[in-house]
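Naming convention: chains lettered A, B, ... in sequence-line order (proteins, then strands); numbering from 1 in each chain. Values below: all heavy atoms of this structure, side chains included; hydrogens, waters and symmetry mates excluded.
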There are 2 protein chains.
Amino acid sequence: MVKITDVARHAGVSPSTVSYTLSGKRPISAETRARVEESIRELGYRPHAGARALAGSRSNVLALVVPLRAGINVPVVMRFAVSVVTAARAHDQDVLLLTQEEGEEGLRRVADTALVDALIVMDVQLHDPRLPLLRALDLPSVMIGFPAEPAGLTCIDLDFRAAGEVCVEHLAALGHRVVALIGSPPEVYVRQTAFAQRVVQGFTEAAARNGLRSSVHPCEATPAAARTVAEQLLREQPALTGVVVHNEAVLEPLIDAFEQLGLRVPGDLSVTALCPDELAEHLRVPVTSIAIPSTEVGERAVELLTRKLAGLPVPDTTRLPPRLTERASTARRSLA
Amino acid sequence: MVKITDVARHAGVSPSTVSYTLSGKRPISAETRARVEESIRELGYRPHAGARALAGSRSNVLALVVPLRAGINVPVVMRFAVSVVTAARAHDQDVLLLTQEEGEEGLRRVADTALVDALIVMDVQLHDPRLPLLRALDLPSVMIGFPAEPAGLTCIDLDFRAAGEVCVEHLAALGHRVVALIGSPPEVYVRQTAFAQRVVQGFTEAAARNGLRSSVHPCEATPAAARTVAEQLLREQPALTGVVVHNEAVLEPLIDAFEQLGLRVPGDLSVTALCPDELAEHLRVPVTSIAIPSTEVGERAVELLTRKLAGLPVPDTTRLPPRLTERASTARRSLA
DNA sequence: GGGTGACGTCGAAGCGCTTCGACGGGGGAC
DNA sequence: GTCCCCCGTCGAAGCGCTTCGACGTCACCC
């Protein structure tokens with residue numbers, strides 16, 4: 001293994017000069033720098049991570065805690081993880097993978113052993129048991145998702161409220177006057193995360209603001225439930241021409257059900273959804289949708305962490321604006 | 001931060017004694033051990049990872065390189081990653097996540113900086129450019145998948161050949177005499193990984209061994225292609241009663257096509273597949289299938305690595321036996 | 001022309017841990 | 001009873017790097 005003293009000898013300087021050349025923490029003359037850099041290249045020097053962490057009290061590693069819970073969207077998590085790693089590398093950091101299974105003990109471990117400099121925690125619940133620990137730890141952290149009480153933490157996620165609004169605005173702009181939100185199973189609304197409620201909020205308020213008639217319908221994640229909701233909707237809201245679906249599992253069955261009930265999409269009914277793009281694209285009728293911007297969330301999370309590590313101020317909460325992708329499932333309301 | 005000297009002082013011993021208590025590398029009397037352990041607990045001591053890595057030249061971290069290539073099955077990768085992390089923790093190791101994007105340079109970096117002790121490389125291609133590097137590096141590594149020339153490397157994967165065989169044996173045992181393999185798109189067979197060919201091999205040989213008539217049909221990953229293959233099969237092999245599908249994307253369209261052509265599954269046609277269990281389970285007719293045992297692969301990979309790190313011998317190649325899960329899509333051949 | 005910084009570099013002191021050699025004491029072998 | 005060896009423990013020497021204080025040199029100012 002080639003070490004810093006080897007480089008120093010080869011370049012005819014002291015080890016500290018090599019160190020300063022690398023870190024830029026003190027001025028080094030152009031010639032010396034050139035000589036040192038040449039030596040580094042020639043010898044293939046790579047500083048030892050452990051030694052660096054020990055002396056510099058920075059490991060240049062950040063921990064990423066991924067969820068395991070049933071019901072999480074695996075491809076979204078994966079895309080997110082990859083974007084975190086990529087963004088981290090751009091900031092000269094590596095990423096240690098932790099599973100949620102390790103829980104608070106895992107967080108404490110990597111923090112106490114100084115294995116990592118910072119934490120990214122995904123899938124944060126409203127009353128996440130890890131919150132007190134994260135507040136107490138002196139490591140900077142960023143969480144994906146919003147707990148009930150985000151003060152003193154740094155949180156980031158899609159702005160679900162705005163997502164609900166944008167869907168409605170889109171339908172309103174197309175002339176639709178009666179809209180419905182077909183949501184997640186009832187238990188989701190009383191549960192650990194608040195994003196489902198936020199979508200409802202945004203949906204309802206935007207509808208009111210635009211003078212639309214609107215209703216909200218939770219729906220179990222089964223084709224049968226989808227069918228039932230569709231039938232009920234037709235019965236109770238015959239004037240309905242626009243729906244927002246926030247329930248990936250029933251998006252396809254729902255469209256099938258509507259079409260079997262004689263409603264053409266988008267001819268008679270415009271459909272928008274909150275779901276991953278892959279799903280929206282690959283349906284028989286590609287669906288106008290808003291996706292969770294997993295890549296952007298990952299990048300921004302790393303960026304926030306980097307700023308915190310540098311001692312710069314960061315906002316407590318950042319809500320990413322939704323981006324609606326128009327596809328074949330929405331159209332101007334026919335005036336027939 | 002509490003350090004080893006704090007513990008030593010508190011327990012009235014020397015730092016080296018604390019170290020030996022922790023590592024077990026030298027005998028420590030029961031009383032001393034108890035005293036030290038109590039001090040550790042009381043003070044909440046956690047050894048500094050960097051210091052440990054520096055002094056002990058072991059970081060207790062292993063790198064996991066995940067693929068990004070289009071066409072990989074994300075949930076499978078994710079499940080695999082999680083099982084690696086879990087297994088690694090059981091061996092007191094942490095896991096650093098690398099993306100394939102970083103390529104050979106990334107491997108070299110984590111190796112040269114001594115950030116990690118060992119490597120797990122997923123999605124290894126037949127002529128993977130990383131192979132020479134992995135051979136040259138003095139870090140132990142395990143690869144998921146088999147390159148063309150696995151000598152000197154440690155590889156693990158599902159035994160695809162046996163998987164092909166098992167499907168045929170299952171059909172043969174049910175009395176089927178004419179079988180077909182519906183495979184991946186043609187390009188897969190001339191491409192980077194060999195597993196597709198191995199399935200064909202196993203399929204063909206098992207068919208011959210059992211005296212079955214058999215044929216192999218590559219198939220593009222589109223519903224239209226599925227339909228075409230189904231029609232062709234009916235025309236050319238009217239006596240066909242069993243198929244093996246090794247192409248996730250067309251499994252559902254294929255079954256649809258067969259049923260639309262008047263063949264009932266499993267009444268007239270038994271279907272087995274190589275695909276993830278989730279897919280097999282959630283089809284209209286749940287399909288008898290063999291899945292890639294991602295969890296097991298992950299565990300075994302970590303185990304192999306642990307043995308290598310301990311200097312123990314490991315086999316160059318380990319092929320995990322396929323496990324066929326019987327579902328509703330296969331039945332005894334009707335003698336009608 | 002001497003004082004004063006700023007610049008560029010060096011030496012040495014750690015960072016917290018592991019490990020090697022050494023050493024005292026007690027038990028077994030003779 | 002003596003010798004030897006092994007058990008249990010200690011002290012000290014690093015592991016490879018960062019960083020702090022110090023120092024020499026040169027340019028510039030009054």
Review point. For nucleotides 18-28 of chain C, read 5' to 3', which letter fits each nucleotide if B means a protein heavy atom sits under 4.0 Å from the base, S means only the sugar-phosphate is that close, and - means neither?
Key: SBBBB------

Check your understanding: Between B:Arg35 and B:Glu38, is there a side-chain N and carboxylate O pair less than 4.0 Å apart?
Key -> no

Point to revise | Distance, rounded to the nearest Å, where A:Arg9 contributes CZ and C:dC10 contributes C1' | key: 16 Å

**Study point:** Salt bridge flag under 4.0 Å for residues B:Arg9 and B:Asp6
**Key:** yes

Exercise for review: Calculate the interatomic distance between B:Leu54 atom CG and D:dG14 atom P; express it in whole Å.
Suggested key: 14 Å

Review point. A:Ser29 side chain N/O closer than 4.0 Å to the phosphate oxygens (OP1, OP2) of C:dT9?
Key: yes

Practice item. Find the distance A:Lys3:NZ to D:dC17:C1' and express it as a whole number of Å. Key: 11 Å

Revision key, fill the gap. Residues A:Asp117 and A:Pro140: closest non-hydrogen pair is O-CD, 3.4 Å

Review point. Below 4.0 angstrom, N of the basic side chain to O of the carboxylate: do B:Glu296 and B:Arg323 qualify?
Key: yes

Practice item. Considering only NZ, NE, NH1 and NH2 on the basic side and carboxylate oxygens on the acidic side, decide whether A:Glu102 and A:Arg109 come within less than 4.0 Å. Key: yes

Exercise for review: Taking only Lys NZ, Arg NE, NH1 and NH2, and the carboxylate oxygens of Asp or Glu, determine whether B:Asp94 and B:Arg89 approach each other closer than 4.0 Å.
Suggested key: yes

Check your understanding: Should A:Ser19 and A:Ser16 be marked as a side chain to side chain donor-acceptor pair (under 3.5 Å) after you check the CA-CA gap, both sets of side-chain angles, and the distance that decides it?
Key -> CA-CA 5 Å; A:Ser19 180; A:Ser16 47; over 6 Å; no

Point to revise | Considering all heavy atoms, the nearest B:Val2-B:Gly44 contact | key: CG1-O, 3.8 Å

Review point. Taking atom P of C:dC17 as reference, at what distance in whole Å does atom CG of B:Asn60 sit?
Key: 14 Å

What N/O pairs connect the protein and nucleotides 5-7 of chain D at under 3.5 Å? Give each pair on its own line.
none

